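In what follows, a single structure is set out as structure tokens and then discussed.
Computation of the quantities below employed the complete heavy-atom set of this structure, encompassing side-chain atoms and omitting hydrogens, waters and symmetry-equivalent molecules. As the structure is a computational prediction, the values presented were derived from the model and not from experiment.
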Amino acid sequence: QADYRRLWELGRSVREAHICGSQVLPIGSVLLDLERLFERYMVRVLRRWASAEAQVVEQPRFRWRGLSESASLELRPDVLLRRSDGSEWIIDAKWKRFAGVPNLADVHQVLAYAAGFGLPQVGLVLPARRTRLGSWHSPRSAVRFFVHGLRVDGSQAQRERSARRWVRILIATEK
């Protein structure tokens, strides 16, 4: 919340000047990349609550080699979580609503991360009111795909409880 205090105060000042003033003021726009802000929030949560049991690697790189260097593809998931038992997770944050089934483009993206990094567990993290939202497993593949919710509304205590619960789920999930 402290990160947004100056932005909040600026918005309130502009609003009050516009409503109370006799002069019409041109009001500019402030654009926020909510996906990036949510990603940064997720990383902060992981660093705070998982640091004793896991290493958080932000935006690791993996390169799919092409026929030439210019034809190579680079993958950069939001987070690689290395747990103390040696297992690893790829986690990608998306600022989207969850309607029971994840967006297929997002699923394809994290499954490409699983293939590129050779990992059996990948997940999407979405803003939500519940901590865990769903999981999928293919009988033909060892890859498990999770969609987790991370609370972004409510009091600070509610958000922290959600964050701790989410991290416990990540740390406790079997290899």
Side-chain angles (χ1 to χ4, degrees), residues 33-154 158-175:
D33 183 347
L34 293 177
E35 180 122 356
R36 180 68 179 136
L37 289 174
F38 182 60
E39 176 188 321
R40 291 176 65 195
Y41 173 67
M42 177 194 68
V43 169
R44 280 197 317 272
V45 163
L46 287 170
R47 289 193 192 286
R48 179 173 183 192
W49 298 106
S51 62
E53 301 177 61
Q55 177 189 10
V56 178
V57 180
E58 198 170 351
Q59 294 194 333
R61 296 171 188 252
F62 175 82
R63 184 174 299 273
W64 289 91
R65 294 192 180 118
L67 295 176
S68 67
E69 184 64 26
S70 63
S72 295
L73 303 172
E74 184 176 88
L75 301 179
R76 291 183 66 191
D78 294 334
V79 168
L80 171 66
L81 186 67
R82 287 192 179 117
R83 299 187 315 190
S84 58
D85 66 0
S87 63
E88 296 178 321
W89 274 85
I90 289 290
I91 305 169
D92 208 49
K94 300 292 182 191
W95 185 257
K96 296 179 179 181
R97 281 186 191 245
F98 182 67
V101 178
N103 177 292
L104 283 179
D106 297 336
V107 172
H108 295 163
Q109 182 180 3
V110 295
L111 291 178
Y113 293 155
F117 284 83
L119 298 178
Q121 298 184 115
V122 292
L124 288 173
V125 177
L126 306 170
R129 293 184 183 269
R130 291 179 19 202
T131 303
R132 189 167 181 181
L133 299 175
S135 65
W136 290 262
H137 181 266
S138 168
R140 294 181 173 217
S141 169
V143 176
R144 292 171 53 194
F145 168 68
F146 294 87
V147 175
H148 291 263
L150 183 57
R151 189 172 187 158
V152 294
D153 66 347
Q158 290 170 319
R159 290 189 312 272
E160 285 186 4
R161 273 194 306 274
S162 174
R164 284 193 308 267
R165 191 175 316 120
W166 175 59
V167 169
R168 277 196 308 267
I169 289 169
L170 288 178
I171 299 302
T173 303
E174 297 176 18
K175 272 177 99 173

Under 3.5 Å, which donor-acceptor pairs link side chains of residues 71-79 to any protein atom two or more places apart or in another chain?
{"residue": "Ser72", "atom": "OG", "partner": "Gly66", "partner atom": "N", "Å": "3.4"}
{"residue": "Ser72", "atom": "OG", "partner": "Glu69", "partner atom": "O", "Å": "3.4"}
{"residue": "Glu74", "atom": "OE1", "partner": "Arg61", "partner atom": "NH1", "Å": "3.0"}
{"residue": "Glu74", "atom": "OE2", "partner": "Arg61", "partner atom": "NH1", "Å": "3.2"}
{"residue": "Glu74", "atom": "OE2", "partner": "Arg63", "partner atom": "NH2", "Å": "3.4"}
{"residue": "Arg76", "atom": "NH2", "partner": "Gln59", "partner atom": "OE1", "Å": "2.8"}
{"residue": "Asp78", "atom": "OD2", "partner": "Ala93", "partner atom": "N", "Å": "2.7"}

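Put simply, the side chain of Trp95 does not reach to within 4.5 Å of the side chain of Asp33, judged on heavy atoms. Residues Glu58 and Arg47 meet the side-chain proximity criterion, which asks for heavy atoms closer than 4.5 Å. Annotation: side chain of Val56 is in contact with side chain of Leu81 (closest heavy-atom distance under 4.5 Å).
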Between Trp166 and Val125, is the side chain to side chain contact (heavy atoms under 4.5 Å, CB included) condition met? List the steps. CA-CA 10 Å; Trp166 175 59; Val125 177; 3.3 Å; yes
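Shown here for Phe38 and Pro127, the closest heavy-atom pair between the two residues is CZ-N, 3.4 Å. Considering every non-hydrogen atom in both His148 and Leu170, the closest pair reads NE2-CD2, 4.2 Å. Nearest heavy-atom pair across Val110 and Val122 is O-CG1, 3.5 Å. Here the closest heavy-atom approach between residue Ala112 and residue Trp64 is recorded as O-CZ2, 4.0 Å. Heavy atoms only, all atoms of each residue included: Arg82 and Val57 are closest at NH1-CG2, 3.5 Å.
Partners of Glu53 according to the side-chain hydrogen bond (donor to acceptor under 3.5 Å, both in side chains) rule, which considers only residues two or more places apart in sequence or in another chain, do not exist here. Every side-chain hydrogen bond (donor to acceptor under 3.5 Å, both in side chains) that Arg36 has, sequence neighbours left out, goes to Glu39.
The side chain to side chain contact (heavy atoms under 4.5 Å, CB included) with Leu111 is formed by just one residue from the set Ile90, Asp106, Val143; it is Val143.
If you take CD on Gln109 and NZ on Lys94, they are separated by 3.5 Å, rounding to the nearest 0.5 Å. Rounded to the nearest 0.5 angstrom, Arg151 CZ and Glu160 CD are separated by 12.5 Å. Distance check: Tyr113 OH to Asp92 CG gives 4.5 Å after rounding to the nearest 0.5 Å. Taken to the nearest 0.5 Å, the CZ atom of Arg165 stands 10.5 Å off from the CG atom of Leu150. To the nearest 0.5 angstrom, Asn103 atom CG is 4.0 Å from Lys96 atom NZ.
Remark: the backbone N or O of Trp49 is not paired with any side-chain donor or acceptor of Arg164 at under 3.5 angstrom.
Counting non-hydrogen atoms of other residues, nucleotides and ligands closer than 6.0 Å to CZ of Arg40 gives a total of 12 or fewer.
By the 30° and 60° cut-offs, the orientation of the rings of Trp89 relative to Phe146 is tilted.
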